[in-house]
Every structure is written in structure tokens, then in C-alpha cells.
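Okay, structure first, notes after.
Atom set for the values below is all heavy atoms of this structure, side chains included, hydrogens, waters and symmetry mates excluded. Start at 1 with the first residue, then count along the sequence. As the structure is a prediction and not an experimental result, all values here were calculated from the model.
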Amino acid sequence: MFDLDRWREIFQSINKNRLRSVMSGFTVAFAILLFTLLFGVVSGLSNSFTSAFSDDAQNSMFVRVWKTSMPYKGLQTGRTVQLKNDDYNFVTEEYESKIQYQSARIYKNFTLKYKNEASSYSVRAVNPDHQFLEKTIIDEGRYLNERDLKEKSKVIVIGRLIKKDLFGEKPALGKRLNVNGSSYLIIGIFSDEGGDNEERLAYIPVTTAQMMYGNNDYISQINLGYNPNLSLDAAIAFGNQMERDMRKRLNIHPDDQSALSVRNMAEANKGVGQFMGILYAIVILVGSGTLIAGIIGISNIMIFVIKERTKEFGIRKALGAKPSSIVGMVVQESVLITTIAGYLGLSLGTYILSLIGNSLEEDYFIKDPSVSTGIVIGATVVLVLSGLIAGYLPAKRAANIKPIVALRAD
């Protein structure tokens, strides 16, 4: 492999057949370039899907209710469906083994005031598990806990931007905040990857909200995190079963989607996974087809090169050269052309993807298109194997030519 004379002969052969070498190398370079760009685009789409769901846990489920749009069991259309604590407890007890996290949610809009600063914000009354369902990041202090719920404490966790709006650069943790006329203790400050809207929210205990704002056991929504050990199909089946049970419990028509809906992230994850799998399969198919065309092109070039050097190979064999040395030289030349051309295509493709960046995100939902290290390593293996395949067959044929036949060649 490191024989200097052999490398000199290889470069002389390439120089002698410059046009053929460049054309065959161009096919391989184009194949790798096309594969890199396509894979980068698919990767960018995958990043967009991941980013779209980054605000919530990947195993989330959301049970929502509204008004009925269909009569059922003598009950009229337009009836408002109301979730209660008993419904929440039913889900907890009925599906305990299939649930990792669970939280109720009550929606409120309150004016939050600190000294002379005041503004209206969305306030959610939740359980402690809501932190993991919403992927809330605590920057200071702590989140709500079970003691807060049990004691119906008037405590609040505020978003980073609420702190900025009301407190500026001053510390907020431990301060008292006027929430719709009542004093709440700030126990935590959080950030959220969901963006500005998610960081202008505040959280209070669900039991406190029920006591303070209605003196009832009403809840707006039930949020779950299904057991991550469940497969996607099992998680989807769990969501469907829970929806059927809740419809029976709340006397909702089986087909009334307005009155009750269960948004299951397992369904979205399965759909996205299937869609991305099809896209990756198409990329691999197109890239492989183009690469095979390049391999065939290089193999044809090697055949012409060998035909032109048949007499030379005959002389080598007559002087005692082993067939393996001839095979090695031809294969080495093929691998060299393939590798150089392939990496030119890979480098160009990677550079183009870096130039694209996030410019296509708004119009085409392609976010940060790129190729991973694993793909680069895989491309290296494919290129070397391609060079071996392209050069081995014609090289083997050349090595088997008898010296007397080779010397008579024109």
C-alpha cells in the first residue's frame, strides 16, 4: 500500500487518462453530493418535527372536554361537559400501571402586580407532575410539591419573562406577588424551551385554585405521561381505551369529537416516525442508485485502462510479477479515484448545507439541515467498498491473462 513506485505508476496512469478519470470521479462525487443534500434536507425536516414537540414530554396525553355536538342518552346537544376531581382520580386508579406522570390543569387569566408594575398573564393551576409533562426548567427556587397541594398554599411559580416584566433585574424569589387581589409567595422561577409565550405563564396549586376561585372540584383538563416502557402501539391502544371509558363515564356520544378529545403524542410520534422512515428510504434508494451508476462508470474506466495496459501487464508477469500485485495496483487506483471524488462531493454537500442553515425553516420547515458524524463514517466505508468493487473485477480479469496472450495484444 505504501510502495512509492506503485503510487508513482498509479498517478501516471491517472494522468494519462485524465478525462476518463475526471468523468468517472464526477459520477461518484455527484452521487455523494446528492445523497448528502437529500439526507441533510430530511434531517432538517426531522429537526423541525422534533422542535415542534419540544415543549411537551414525548409521552404526553391530553384529555380535553367542551360542549356536546350530538344528543346522547336523552341528553341534549350543546351540553357543557365538566371534568371533576373524581374523573381525575378515576384515571389515576384505573390506569395506574400505565401512567408515569399525571396532572390536572385549570386555566385562569389574572392580573399579576408587584409594587407599581402590573400586567395580565395566563395562570395555570396544576399538580407537581406538570413540571415533567411541560418540561419546565427551574432556574431559581423550586416547583410546586405535594405539600403545597395538601395545604392549599398560596404559592406561585412564575416564568422568566414575568420576572423580567415585573421585577426587572431585581430578585423575585421569596417576594410577595399580588395575584388578582390575593397575595402569593413566589417559590420558583422557570424557563421553557417553548418560547416567550410559555415563559409568560405562572403556576399555582390546583387545590388552591379550586378553593379560591369557585370553591368547587372542577378541572379544565387532565394531562398524562404514559409509561415510557409502553410501545407506541400499546400507548395508542391505552389512549383509545381511556377515551372510550371517559365517554361512558361522562355520557358522551362515541362519535362526538367536540365534547371530548384525547391528544396522544404516541400517535404523532408514530406518524412522524413512519413518514421520516419513508423519506430516509427514498434518500437511500436514490443515493444508492446514483452511487451504483458511479461504480459502474469507474469499473468501465478500469476496463479501458487495463485494455490499454494489457501488454504492460504481460511483461510484468513474464518478469515474475504475481497476479496479486497487478490486482492490488488496479484496485488501489480505483479506491483512490473513488475516495477523492466521494469526499469532494461530501465536502461540497456539507458546505452547501452549512450555507443553507435555517433559511428554509420559515417557508419549508427545514431546520438546521446537516449530516451526522455517523453518516460521514458510513460514507467513508461505502466509498472504500465502492472503489474495491469497481476495481476488483477488471483487475482480476487482467491478472488472469497469460503473459504470451498479453504480449500479443494490440
Side-chain angles (χ1 to χ4, degrees), residues 1-41 283-316 321 325-356 369-371 375-399 401 406 409-410:
M1 181 64 72
F2 299 101
D3 188 332
L4 183 60
D5 291 333
R6 175 179 287 187
W7 281 110
R8 186 180 292 112
E9 291 177 10
I10 289 173
F11 284 114
Q12 286 176 350
S13 174
I14 293 174
N15 185 58
K16 185 179 179 180
N17 300 277
R18 286 192 297 270
L19 181 59
R20 292 176 183 173
S21 299
V22 169
M23 292 305 296
S24 58
F26 173 79
T27 308
V28 174
F30 179 77
I32 297 298
L33 171 63
L34 179 63
F35 177 80
T36 303
L37 292 177
L38 289 175
F39 195 92
V41 168
V283 169
I284 292 174
L285 181 64
V286 173
S288 299
T290 312
L291 184 58
I292 289 172
I295 294 172
I296 293 173
I298 290 182
S299 184
N300 290 334
I301 293 298
M302 290 295 104
I303 291 173
F304 281 110
V305 170
I306 288 170
K307 185 176 181 180
E308 291 177 353
R309 300 176 65 184
T310 299
K311 187 173 291 186
E312 174 194 335
F313 291 153
I315 295 173
R316 285 174 178 272
S325 67
I326 296 175
V327 172
M329 182 169 60
V330 175
V331 169
Q332 204 169 321
E333 180 178 341
S334 175
V335 170
L336 178 65
I337 294 174
T338 306
T339 303
I340 292 175
Y343 268 103
L344 285 175
L346 181 63
S347 300
L348 180 59
T350 304
Y351 177 69
I352 292 174
L353 290 176
S354 67
L355 290 179
I356 293 174
S370 60
V371 289
I375 296 300
V376 174
I377 294 174
T380 302
V381 174
V382 169
L383 290 174
V384 173
L385 291 177
S386 300
L388 289 173
I389 294 171
Y392 179 75
L393 295 179
K396 189 68 175 177
R397 179 183 176 186
I401 298 176
D410 294 332

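Closest non-hydrogen pair, Ile32 versus Leu346, comes out as CG2-N, 3.5 Å. Of all heavy-atom pairs spanning Pro369 and Gly40, the tightest one is CB-O, 3.1 Å. Of all the heavy atoms in Ala29 and Ala341, the pair that sits closest is CB-O, 3.2 Å.
Here Ile340 pairs with Leu336, Leu344 under the side chain to side chain contact (heavy atoms under 4.5 Å, CB included) rule; sequence neighbours left out. Remark: Phe35 pairs with Phe39 by the ring pair (Phe, Tyr, Trp, His ring centres under 6.0 Å) rule, at least two apart or across chains. The side chain to side chain contact (heavy atoms under 4.5 Å, CB included) check on Ile352 picks up Leu33, Leu37, Leu348, Ile356, with sequence neighbours excluded. Partners of Val286 according to the side chain to side chain contact (heavy atoms under 4.5 Å, CB included) rule, which considers only residues two or more places apart in sequence or in another chain, are Leu34, Leu38, Ile282, Thr290.
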